[in-house]
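For reference, the structure is listed below as structure tokens.
Computed from heavy atoms alone, side chains included, the values below leave out hydrogens, waters and symmetry copies.
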Amino acid sequence: MDLSSCPTKDLIQPFRSPQALSHLDQTLLLIPRVLPSALQQAIQVLIMTGPDLILARGTPENLRSLLTPYFSEQTRPLLEDALALVKRYQAESGLSEVRFRLEQVTTDSCRKFHTDHVHLRLLCTYHGLGTEWVPEDLLSTDTMNAAGIPSNISPDMVRRIETGHIALLKGNKWPGHKGRGVVHRSPPVSHLPVNDRLRLLLTVDEPTACGMSENSNPTIRQKNSLSSEICC
């Protein structure tokens with residue numbers, strides 16, 4: 001593939017950086033990146049005009065077919081970037097199908113620290129505050145409960161994933177990792193001014209993860225519908 005002639009080359013190049021690993025040997029893999037201006041513009045347009053929730057399952061090719069009708073020409077760079085992240089997750093997880101969830105979040109949807117009951121989850125906050133997490137080496141094993149969460153997490157232990165960065169988080173179903181995943185939570189936003197609470201979050205994980213209906217693929221929630229916000 002000739003990247004010099006590819007209109008989405010700016011979206012593909014982050015995966016060719018030295019920071020991208022062919023396998024995961026740690027609990028959390030972070031891939032820093034700067035979002036290109038075309039993608040930032042697409043994000044703003046989708047926030048203003050697009051659905052609050054886009055939820056679907058399938059292969060990257062299936063997802064492109066299912067989701068293209070819900071992305072305008074102006075927001076298409078966002079779809080292309082999200083599908084590139086799906087392929088990244090697919091390569092790391094070995095799964096042929098995934099669950100794709102792109103949601104506008106305005107509440108403290110998962111305000112308590114927790115681990116995910118999945119093998120592996122990809123998160124990318126396109127807009128707003130990113131997910132908060134605690135490095136494994138700061139966790140005290142003698143205070144952890146059965147879910148791998150310590151009884152006390154002090155503020156100086158907490159880290160935040162930067163907006164636009166890609167995060168691959170092991171869950172507590174990851175084999176050979178003592179049944180524990182990344183300890184994390186949604187960033188608290190309810191205390192912020194209303195205009196600062198909005199987050200646009202992409203979650204990619206197993207096709208059987210929570211919220212996925214067998215009877216509605218894709219599931220689209222337009223603005224002003226009842227909310228069913230999800231972590232993290």
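- For the side-chain contact (heavy atoms from CB on, under 4.5 Å) test, residues two or more places apart in sequence or in another chain that qualify with P218 are A56, L66, L67, Y70, I220.
- Side-chain contact between I47 and H127 is present, with heavy atoms from C-beta onward closer than 4.5 Å.
- Here E92 does not pair with K87 in a salt bridge; the nearest charged N to carboxylate O distance is not below 4.0 Å.
- Partners of E206 under the side-chain contact (heavy atoms from CB on, under 4.5 Å) rule, at least two apart in sequence or in another chain, are Y89, L95, V118, H119, K173, T208.
- Applying the side-chain hydrogen bond (donor to acceptor under 3.5 Å, both in side chains) criterion to Q74, with sequence neighbours excluded, gives no partner residue.
- With sequence neighbours excluded, no residue forms a salt bridge (Lys or Arg N to Asp or Glu O under 4.0 Å) with E162.
- Remark: N62 engages T59 in a side-chain hydrogen bond (donor to acceptor under 3.5 Å, both in side chains) (not counting sequence neighbours).
- With sequence neighbours excluded, the residues that form a side-chain contact (heavy atoms from CB on, under 4.5 Å) with A82 are F100, Y126, L202.
- Contacts of T75 classified as side-chain contact (heavy atoms from CB on, under 4.5 Å), with partners at least two apart in sequence or in another chain: V45, L46, F71, S72.
- Without hydrogens or angle criteria, R33 side chain to G164 main chain gives a donor-acceptor distance under 3.5 Å.
- Applying the side-chain hydrogen bond (donor to acceptor under 3.5 Å, both in side chains) rule to S190 yields the partners D108; only residues at least two apart in sequence or on another chain are considered.
- R160 meets the salt bridge (Lys or Arg N to Asp or Glu O under 4.0 Å) test with E132; sequence neighbours excluded.
- The side-chain hydrogen bond (donor to acceptor under 3.5 Å, both in side chains) search around N195 returns none, not counting sequence neighbours.
- R76 pairs by the salt bridge (Lys or Arg N to Asp or Glu O under 4.0 Å) definition with nothing, not counting sequence neighbours.
- Other members of the cluster containing L129 are V189, L192, with ILVMFWY side chains joined at under 4.5 Å, either directly or via other members.
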